[in-house]
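Throughout, a chain's letter reflects where its sequence line sits, starting with A, and its residues are numbered from 1. All values reported here derive from a predicted model rather than from experimental measurement.
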Amino acid sequence: MSINYLKELNDRQIEAVNTINGPILIIAGAGSGKTRTITFRIAHMLETGIPQNSILSLTFTNKAASEMAIRVTSLTRKKCTHLTISTFHSFGAKLLRSSIHHIGYKANFSIYDQSDKMALIKEVARELKFPREAVDAYALAHLFSDIKTGMRSWNSENDQYRELYAEYLDHLKTYNAVDFDDLIVLPIRLLRDTPEILQSYQDRFHYFMVDEFQDTSKLQYELIRLLAEKSKNLCVVGDDDQSIYSWRGADYGNILQFEHDFPGVIEIKLEQNYRSTETILSAANGLISHNRNRKHKNLWTGEKGGNALEVIFPENEEDEAHFIAEQIRSVKQTDGTPFHEVGVLVRTNSLTKTIETAFLKDNIPYKVSGGTSFFQRKEVKDIISYLRIMANPDDDVSFLRICNTPRRGIGKKTIRTLRSIAEEKGYSIYSALSAALHLEVSPFPTKVKTDLWDFVSVVEVYREKMLSGKPMAPSLKAMVEELGYWAYLVQETHGNERTAKFKYGNILAFTDILETYEGNPDTIDPNLFDFLNRITLITRDDNQESDENGRVNLMTIHSAKGLEFDIVFLPGVEENIIPHARAIEEDPKNIEEERRLFYVALTRARKKLYLSSCRTRKLLRNTIDCIPSPFLDELPQDLIKPYTEEKVVEEQDAMDFFSAIKSRFNDTSE
DNA sequence: GCATTCTGTATTTTT
DNA sequence: TACAGAATGC
């Protein structure tokens, strides 16, 4: 069956769909039907006979990747099992799985996430006898990341951590573990240094696509450049106005670099917006025009008119939350807007708390996406650590996490002994332990020796089961039983049975996830290693499954990118929140990125926008006075109407609105 | 080795 | 205020 895409797309979009060969740059403004265009493009490629397995499509987030896979599948009505649509990081992980032995790792490597990384840094710092106050694991994790990705170099200020860094790298290698940065850095190294590997990838993949190109880092670009160098069929899609990840290395200078590296780039601009009302679009355009560095673009819509933007100045964040809750209720009644068509977008995760409370109180069903991932919960991560130590016995970070969880009598002293044996021999702790247990003369007292055996035998017994090729989920359940994890939870929560039940429920949910994974006919070769890799790359909760209907979406602006809602609420449109104080502190130039962030927020709305700026807000212990965000003044003022509930309030609000603007004006004109 | 008390610190955004 | 990790006592 042929897809009639001509009817569904505009001229520019059709051009994008039809241009399959050679380098292409698609500049896709907000709401310009980007996802439609690229899914049609992939579908069209398949239709012209391009085999699935020669297409590689890279995105930035798991959510975007799975969304695209779903759309392509539903459009082509075919299983797309051989189509590679993944994030840069999981593509990197897959590449490493098959080729990492070339650089001295084993294929069963562990992937360390942010918290594993910090644990390792602390561990190494302790070994090197760094004074505790000199070790800010959070900051060091960032420094090491920047060093590894070439964004920062050693200087007089950070030179004291050079040795720590070297030792950190060394430990990773001993533990047969890689961090997130390695998932990009190591594949590049492999492709550059090992011609056979590059060759095999270039032989397999002939068509490349990168979504959200403005958010790729220099290194991610380098990775795709290497792969696409030969075929030159590289299509990148992006919007410089929506570049909001520069703090993570995203560099929209990549757009220029791309044009330089691939001569003859065809540029296609998608400028017709199908999403928002004219009012919303003009507001967004008005705002973004304050940015200096941008590619020329003229986003327009055929839609005329639309509701003015409502601006509210609640007394404090609780009033703000109430207002939002009430308004959602009333909009649902008057316009019949379903809950899932409402988005509440915040700058920082911490702002969700008050709003959640209000939703709970008013019985508004909601879901928060973002926040720490399910897989990062302590109880879940404990179980994952057991799996990791089975997959990769050298993984010391996992070892240390669970060797005494649940409590089995392995204490500080025992660990110290183990560590010193390991260090002496240059082994990982687990290998040192196995070796020590088989010694004639045990370095441990009898009781400790028994405790250690307990641990080792659980790991060994279940490793065999997990790697046997038989279903893993039943074994995992049995292991959780055998560990006595339930009793441990009861003990840990000292009698708070509800908490214990909740946590145990999470573990059961986790075993279900494993079951679903291995039971899914679309999973090619389900195995422990692949499963572990997948789940560590899911760092946020973005399960858009089953219950997406009927719930208000509460999330950060960052995670709202690519989404759209009928009605959008933006709480906390205040100075220091957006633009965020820390961002500006870091570099005043960041104001442009903050503005883009606000632009992304505005352009999520189809029909209606509510912006609120509290007069006061609780921060830490005390209540502070808030100033409306300067971005409010940058919106065309005729598109704004101060929100009014009653006449009396109307005048009051209007007056406050103008006096707020006036005070801002006075502030800045000094 | 474990449980309790104490102390310090709030981390912007995410793979 | 809330929560985690360290120090201290049993």
Side-chain angles (χ1 to χ4, degrees), chain A residues 58-65 86-93 111-115 117-119 122 126 132-133 136-142 145 149 178-185 212 215-217 219-220 243-250 345-353 369-373 375-376 378 404-416 445 447-448 451 488 491-492 494 533-542 555-561 572 576-586 590 593-594 596-598 600-601 618-623:
Chain A
L58 294 178
T59 63
F60 204 58
T61 61
N62 296 298
K63 191 155 67 178
S86 75
T87 63
F88 275 95
H89 287 82
S90 59
F91 176 75
I111 299 171
Y112 281 180
D113 65 19
Q114 185 74 11
S115 64
K117 182 178 184 176
M118 281 165 62
K122 282 186 198 159
R126 199 159 18 195
R132 244 194 310 120
E133 62 276 11
D136 177 346
Y138 185 82
L140 287 177
H142 275 276
S145 199
T149 55
V178 301
D179 63 20
F180 276 163
D181 303 315
D182 287 328
L183 295 177
I184 309 297
V185 172
E212 305 287 9
D215 287 331
T216 51
S217 68
L219 288 172
Q220 288 168 329
S243 164
I244 54 176
Y245 284 94
S246 73
W247 50 274
R248 223 180 77 180
L345 314 182
V346 292
R347 171 70 239 260
T348 65
N349 275 309
S350 57
L351 294 177
T352 55
K353 215 172 155 190
S369 29
T372 38
S373 152
F375 300 106
Q376 315 254 14
K378 182 184 178 306
N404 202 32
T405 309
R407 306 231 137 85
R408 54 169 72 83
I410 302 175
K412 263 186 283 199
K413 190 156 168 239
T414 313
I415 289 176
R416 208 179 311 142
K447 172 169 178 308
V448 175
D451 295 335
Y488 167 71
Q491 180 201 354
E492 278 301 275
H494 29 258
N533 279 188
R534 282 188 192 212
I535 61 178
T536 18
L537 292 174
I538 301 173
T539 51
R540 318 231 90 204
D541 267 336
D542 33 42
M555 62 180 82
T556 63
I557 302 172
H558 281 91
S559 49
K561 196 162 68 148
N576 296 333
I577 292 184
I578 187 159
H580 198 276
R582 277 190 122 95
I584 301 301
E585 202 178 291
E586 212 169 75
N590 285 338
E593 173 142 329
E594 295 290 310
R596 288 193 293 268
L597 197 50
F598 196 54
V600 169
K618 246 187 249 127
L619 198 69
L620 306 179
R621 281 191 209 68
N622 29 29
T623 305

Open item on the list: Given the structure, check if the side chain of A/His580 and the base of B/dT12 hold any donor-acceptor pair shorter than 3.5 Å.
Closed with: no
Task: Distance test, side-chain N/O of A/Arg347 to OP1/OP2 of B/dT12, below 4.0 Å - done: no
Open item on the list: Heavy atoms only, 4.0 Å cut-off, all strands: where does A/Asp113 land among base, sugar-phosphate and nothing?
Closed with: nothing
Open item on the list: Please give the distance between the C1' atoms of B/dT11 and C/dA4 as a whole number of Å.
Closed with: 14 Å
Open item on the list: Rounded to whole Å, how long is the line connecting atom CZ of A/Arg534 with atom P of B/dT15?
Closed with: 16 Å
Open item on the list: At less than 4.0 Å, is any side-chain N or O atom of A/Arg582 found next to OP1 or OP2 of B/dT13? Yes or no.
Closed with: no
Open item on the list: Using a strict threshold of under 4.0 Å (side-chain N to carboxylate O), is an ion pair present between A/Glu585 and A/Arg582?
Closed with: no
- [ ] Would you tell me if any nitrogen or oxygen in the side chain of A/Asn404 comes within less than 4.0 Å of OP1 or OP2 on B/dC2?
- [x] yes
Task: Shortest side-chain distance from A/Met118, nucleotide among B/dT11, B/dT15, B/dT12 - done: B/dT11
Open item on the list: Any base atoms under 4.0 Å from A/Thr414, or only sugar-phosphate, or nothing? Heavy atoms, all strands.
Closed with: sugar-phosphate
TODO: Check whether any side-chain nitrogen or oxygen of A/Asn349 sits under 4.0 Å from OP1 or OP2 of B/dT14, and answer yes or no.
DONE: yes
Open item on the list: When you compare the side chain of A/Thr59 with that of A/Ser86, does any pair of heavy atoms fall below 4.5 Å?
Closed with: no
Task: Aromatic stack A/Trp247/B/dT13: centroid gap under 5.5 Å, interplanar angle under 30° - done: yes
- [ ] To the nearest 0.5 angstrom, please state how far the CD1 atom of A/Ile111 sits from the OG1 atom of A/Thr536.
- [x] 4.5 Å
TODO: For the side chain of A/Thr87, starting at C-beta, report the closest nucleotide among B/dT14, C/dA2, B/dT15.
DONE: B/dT15
Open item on the list: Please classify the nucleic acid contact of A/Glu586 as base, sugar-phosphate, or nothing, using heavy-atom distances under 4.0 Å.
Closed with: base
Task: Closest to the A/Tyr138 side chain, choosing from B/dC2, B/dT11, B/dT14 - done: B/dT11
TODO: Check whether any side-chain heavy atom of A/Thr216 sits under 4.5 Å from a side-chain heavy atom of A/Leu58, and report yes or no.
DONE: no
